[in-house]
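Encoded as structure tokens, the structure appears first; notes follow it.
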Amino acid sequence: MRQQMAKAQMAEAWPPVATCPYVALERPAAPEAWPLVFQSLDPGADRGVRLIELGLDRVVLRRRVAGVPMKLDRPLADYEGLAVALLDPEGDDEGVAIVLVHADPALSVTLYSAPHIDDVVAEWRGWSETLGLPMLVTEADGTRRPAYARIGRLTVAEIKARRPRRGPLKHRRPSVYRRRAAGSSLGGLTVHRGEREMIARD
């Protein structure tokens with residue numbers, strides 16, 4: 001409860017000016033750690049920043065324009081998914097970002113950005129699983145499609161047929177039948193019949 005009150009107070013406070021050009025949010029492991037409250041660059045807002053409250057079911061954006069506070073509250077279901085974007089599409093910068101995409105670009109939210117692509121796939125998949133939204137692939141014409149088929153929040157992978165055996169292994173006996181060694185033959189042992197057994201007595 002105290003943590004939620006602190007987050008609410010933070011959300012109402014005006015955020016400081018951003019000092020880092022990259023975003024690196026830590027995904028909470030426990031449900032009570034949500035929502036995440038963080039700031040993001042916004043050229044159209046006063047001081048160039050806005051405050052974002054990201055929950056598992058809603059996204060709240062706060063900013064000030066000409067001193068007037070504004071608040072937008074949208075269900076998470078309104079967002080299309082997570083897409084990877086270049087920070088500088090026209091230049092040589094290799095920086096990338098993971099964006100929570102909305103049909104209105106002004107409502108899209110950057111959840112991760114870095115000057116390299118080293119961790120982008122892991123972050124992309126992690127945010128998709130956490131928020132239950134699809135990983136989006138951007139086509140050459142700018143349209144987006146899910147990277148994998150989905151049924152609700154469940155990602156469905158393509159079913160792969162079992163690879164048939166080929167060549168000399170095709171008719172090989174399964175190894176499970178070869179794990180026990182064969183017993184030795186009794187043909188070479190001497191069997192004594194009709195003889196008395198000698199017992200040593202004290």
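All of these numbers come straight from a predicted model, not from anything done at the bench.
Put simply, L36 and V101 are part of two different groups of oily side chains (I, L, V, M, F, W, Y) that touch within less than 4.5 Å, one to the next. Both M135 and L56 are assigned to one and the same hydrophobic cluster, defined by single-linkage of ILVMFWY side chains at heavy-atom distances under 4.5 Å. Put simply, M70 and F38 are part of two different groups of oily side chains (I, L, V, M, F, W, Y) that touch within less than 4.5 Å, one to the next. The hydrophobic cluster containing L131 does not contain V60, counting ILVMFWY residues as joined when their side-chain heavy atoms lie under 4.5 angstrom apart, directly or transitively. In the hydrophobic cluster analysis, where Ile, Leu, Val, Met, Phe, Trp and Tyr join through side-chain heavy atoms closer than 4.5 angstrom, V137 is grouped together with Y79.
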Working note: V49 + D42, criterion side chain to side chain contact (heavy atoms under 4.5 Å, CB included); need CA distance, chi angles, decisive distance, verdict.
CA-CA 5 Å; V49 293; D42 185 348; 5.8 Å; no
Under the criterion side chain to side chain contact (heavy atoms under 4.5 Å, CB included), I'd like the reasoning laid out for V84 against T138: C-alpha separation, chi angles, the key distance, then a yes or no.
CA-CA 8 Å; V84 176; T138 304; over 6 Å; no
Is there a side chain to side chain contact (heavy atoms under 4.5 Å, CB included) between R62 and E53? Walk through the geometry before answering.
CA-CA 8 Å; R62 292 180 173 88; E53 182 180 331; 3.3 Å; yes
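Side-chain contact between V109 and V59: present, with at least one pair of heavy atoms (C-beta onward) separated by less than 4.5 Å.
Note that CZ of R145 and CG of L136 are 10.0 Å apart. Values are rounded to the nearest 0.5 Å.
The two residues R144 and A83 have their closest heavy-atom pair at NE-CB, 3.8 Å. Nearest heavy atom pair, residue S108 against residue V99, reads CB-CG1, 3.8 Å. Residues T130 and W34 come closest through the heavy atom pair CG2-CZ2, 3.5 Å. Considering every non-hydrogen atom in both V120 and Y112, the closest pair reads CA-CE2, 4.3 Å. Closest of all the heavy-atom pairs between G55 and L76 is O-CD2, 4.1 Å. A pairwise comparison of heavy atoms in H116 and V96 identifies O-CG2, 3.4 Å as the closest pair.
Environment of CD1 in I117: sparse, with no more than 12 heavy atoms of neighbouring residues, nucleotides or ligands closer than 6.0 Å.
Of the possible donor and acceptor atoms, one in the side chain of D46 sits under 3.5 Å from a partner among the backbone N and O of A66. Under the 3.5 Å distance criterion, the side-chain polar atoms of S128 are matched with a main-chain donor or acceptor of L133. A distance-only check finds no donor-acceptor pair linking the side chain of W124 to the backbone of I98 [under 3.5 Å]. Put simply, the side chain of S40 never gets that close to the backbone of R50: no donor and acceptor are under 3.5 Å apart.
L100 pairs in a side-chain contact (heavy atoms from CB on, under 4.5 Å) with only one of the listed residues (I52, L82, L107), which is L82.
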